[in-house]
There are 2 protein chains.
Amino acid sequence: MASDQVNIKRLAQELNISIATVSKALNDSYEISAKTKNRVWDLAKALNYTPNPAASNLRSHKTKTIAVIIPDVANNFFSLAIKGIEEVARIHGYHVLIYQTHEDTEMEISFTNSLLNGRVDGILTSVSSNEYNNDYYRDLVKKVPLVFFDRVYESLQTFKITTDDYESSFAATQHLLDCGCKKIAFLFGLEKLPAGRARFSGYQDALKANEIDFDEQLILHYENLEEQNVDNIEQLFQQHHPDGIFSSIEEFIIPTYLACRNMSLSIPQDVKVLSFSNLSSAKLLNPALTTITQPAFDIGHEAAKCLFKILNNKGFDDEQNIVLKSTLIKRTSTNC
Amino acid sequence: MASDQVNIKRLAQELNISIATVSKALNDSYEISAKTKNRVWDLAKALNYTPNPAASNLRSHKTKTIAVIIPDVANNFFSLAIKGIEEVARIHGYHVLIYQTHEDTEMEISFTNSLLNGRVDGILTSVSSNEYNNDYYRDLVKKVPLVFFDRVYESLQTFKITTDDYESSFAATQHLLDCGCKKIAFLFGLEKLPAGRARFSGYQDALKANEIDFDEQLILHYENLEEQNVDNIEQLFQQHHPDGIFSSIEEFIIPTYLACRNMSLSIPQDVKVLSFSNLSSAKLLNPALTTITQPAFDIGHEAAKCLFKILNNKGFDDEQNIVLKSTLIKRTSTNC
DNA sequence: AATCGTAACATTAACGTTTATGTTACATAA
DNA sequence: TTATGTAACATAAACGTTAATGTTACGATT
């Protein structure tokens, strides 16, 4: 585009040395004398040389690129996680590719497969909720360095970064019970995934620990349409009169508040509400919402660090589960 | 990793034809007979062949990759924009690289420069707020297909996707005036960028149109610390008693609500508040917040479409400004 | 029948690196 | 002295594509 592209051949010609020497000098090889290295470095800087990534990748099988595969970018949790990932990648001089699956396992697999031809050095993924597809990943982890975060598959030979879903869910349920709730509805999301099931178990076990019978009727499953969720929640109230709402995913918050508003139920007087959430404005809601907040940024940070650990050690038959703690932030919506 | 890598050489051997024929068949060249193409395609599918991106890129100078450079991923506006970009990219079979500048122009330029060696086919960018650096981009747009969105530099020979900042700002100010406000404070962000200045002008001109004197004292500049902003807003109230707040960036919302809460000012009785924002929970705030909402997803969508227009036409000395409309959503925070 | 055009392939040279394998010159060891 | 080791470079072969150029066979044209 500008004048002739500057590559190592050009540098070699100008310095009257071989291109191999230039390459090794640029890579700071021990084979090259300090004097020659400096000549190369100086000229490279003067001519504003940057190596061609395609050529380098083709030859060395290193791409300096990782991929992040997630359900949705426009989500408080995932955008924070990406932020964490991106920071670690930048420190390592790596590039970050983003793919959105829209909770569609088929698309997830399609994206993943498109990365197996050497486009990336590794993959960070948070799996889709619409299906549980352990088999695919069982093979995949053998083919490419892969780290799961938050939404993981179990018993796979790789790194998994999660949060203490069970414990935080138990604690949150206990908090509702402590506030006097007797009939706590559970708004169920991520049902097919370990994360969702752990949250559900925490809820169930907290009830059991307090000798409260589990009531199937108080479980509401997530639908993709916001209005549908509002309707469902209203129906739940009309039929079963819960005095507490435990929302296991952020997507239920707006429907819950809208339903309460529609039915003139006041939070927390008539019903106490809490939810898993990374909503920064939770404290400004009407009323301020009690949340179980996952350390989204840290999860991304940690996941990326694990991936680079694999990339540096080569041996990616390592397995490790890292569990970070979520925080229960008590606010007005669960005031006693 | 698995068995021998499957490449076109392997396909050629198995089919007993030349690698050139395989390559052309895979690319559906007119030179190859239908029969041969089918043999190649069938075997390629059978062996699960996917072309090596590095080799293809090295030879053809096409990367099937675009870069998105933005200040921050964990931001409602930008994450929605990315979502729009990613969708268009997927339709075109392109990959998307993400870079965060953290509002730092130096990092922005560093990222951008690292992409000029053929790593991407084009760049989408929303520039940092900490500096106005037209010069750099004046050269850049000649070197690489580039599309600006939302935060643009003016008078550059390329595509720019923006929103009607001036008009929506004017309308929002008019709305506050219509609700009876006499002293409207302006919370100023993006001051160095055309977007921020247009919002400010819209505010000023609306005042002028209503024969209200502009008061420098009612302007508050954004600080990076949330608490600092809270303090500043409280001070603003104590010293100048505004009856309306026009926040030109989303980041002022929480500080504004907190300041009002701290000072026991009730919205909208004591002061009416509105803000530029893509906060999905705006309607659930206490009180529900009137917003000027930018079509973030559409902006990303449109920006990506423009970039692909450039990539397909080759001629990227085209210039075009596309202006999308923001929406003023009136809610309780500006009730009369 | 000789010529030409062209469909359908093959040969081969890139693209810009990295790296395995030479090749020197010179210091050191035997 | 000769052999040996090694520092510091050069040569050349990959990596897996694409594309410019060659080749062949065969039907159409004159």
Side-chain angles (χ1 to χ4, degrees), chain A residues 1-41 43-44 47-65 114-121, chain B residues 1-41 43-44 47-65 114-121:
Chain A
M1 198 151 302
S3 62
D4 292 34
Q5 195 52 33
V6 35
N7 48 30
I8 54 174
K9 188 176 169 188
R10 165 94 178 276
L11 296 181
Q13 281 171 345
E14 303 228 355
L15 293 172
N16 223 29
I17 56 181
S18 77
I19 59 174
T21 302
V22 174
S23 173
K24 287 176 180 169
L26 290 170
N27 293 315
D28 203 11
S29 160
Y30 69 95
E31 286 184 63
I32 308 300
S33 70
K35 191 179 134 198
T36 304
K37 280 183 189 172
N38 282 323
R39 289 181 65 212
V40 172
W41 290 340
L43 184 63
L47 296 184
N48 201 19
Y49 165 81
T50 53
N52 180 302
S56 173
N57 170 16
L58 177 60
R59 185 60 233 253
S60 69
H61 301 286
K62 309 253 164 195
T63 64
K64 287 264 165 192
T65 305
S114 80
L115 298 173
L116 298 180
N117 51 18
R119 186 174 285 274
V120 299
D121 292 347
Chain B
M1 197 151 303
S3 62
D4 293 34
Q5 195 53 33
V6 36
N7 48 31
I8 53 174
K9 187 176 170 188
R10 165 93 178 275
L11 296 181
Q13 281 170 347
E14 304 228 356
L15 293 172
N16 223 27
I17 55 180
S18 77
I19 59 171
T21 302
V22 175
S23 174
K24 287 176 181 169
L26 289 170
N27 292 315
D28 203 11
S29 161
Y30 69 95
E31 285 185 65
I32 308 301
S33 70
K35 190 179 137 202
T36 305
K37 280 182 188 172
N38 282 324
R39 289 182 65 215
V40 172
W41 291 339
L43 184 64
L47 296 184
N48 201 19
Y49 166 80
T50 53
N52 179 301
S56 173
N57 169 17
L58 177 59
R59 184 60 231 251
S60 69
H61 301 286
K62 308 257 163 190
T63 63
K64 288 263 166 194
T65 306
S114 80
L115 298 173
L116 298 181
N117 51 18
R119 185 174 287 274
V120 298
D121 293 346

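Computed from a predicted model, the values in this text were never measured in an experiment. Below, read A as the first sequence line, B as the second, and so on, with proteins coming before strands; counting in each chain starts at 1.
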Using side-chain hydrogen bond (donor to acceptor under 3.5 Å, both in side chains) as the criterion, list what pairs up with A/S29, not counting sequence neighbours.
-> none
In whole angstrom, give the distance that lies between atom CG of B/D28 and atom P of D/dT18.
-> 13 Å
By side-chain hydrogen bond (donor to acceptor under 3.5 Å, both in side chains) - contacts of A/T36 (at least two apart) = A/S33
Residues that B/K64 engages under salt bridge (Lys or Arg N to Asp or Glu O under 4.0 Å), provided they are two or more places apart = none
Over how many whole Å does the gap from B/R10 atom CZ to D/dT17 atom C1' extend?
-> 17 Å
Short question: side chain of A/N57, backbone of A/P53 - any donor-acceptor pair under 3.5 Å?
-> no
For nucleotides 7-16 of chain D, read 5' to 3', which letter fits each nucleotide if B means a protein heavy atom sits under 4.0 Å from the base, S means only the sugar-phosphate is that close, and - means neither?
-> -BBBBBBBBB
Can you name the side-chain contact (heavy atoms from CB on, under 4.5 Å) partners of B/Q13, sequence neighbours left out?
-> B/K9
Counting any heavy atom closer than 4.0 Å, what does A/N57 reach on the DNA or RNA strands: base, sugar-phosphate only, or nothing?
-> nothing
Distance, rounded to the nearest Å, where B/K62 contributes NZ and C/dC15 contributes P = 17 Å
Nearest-angstrom distance from the residue atom CZ of B/R119 to C1' of C/dC15 | 16 Å
Would you please name every residue forming a side-chain contact (heavy atoms from CB on, under 4.5 Å) with A/S60, sequence neighbours left out?
-> A/S56, A/K62
Specify the angle, to 10°, made by the local axes at the two ends of the helix from C/dA1-D/dT30 to C/dA30-D/dT1 when five pairs are taken at each end.
-> 60°
Can you name the side-chain hydrogen bond (donor to acceptor under 3.5 Å, both in side chains) partners of A/D28, sequence neighbours left out?
-> A/K37
Residues that A/T65 engages under side-chain contact (heavy atoms from CB on, under 4.5 Å), provided they are two or more places apart | A/T63, A/H95, A/L97, A/V120, B/L97, B/R119
To the nearest angstrom, how far is B/L11 atom CG from D/dT18 atom C1'?
-> 15 Å
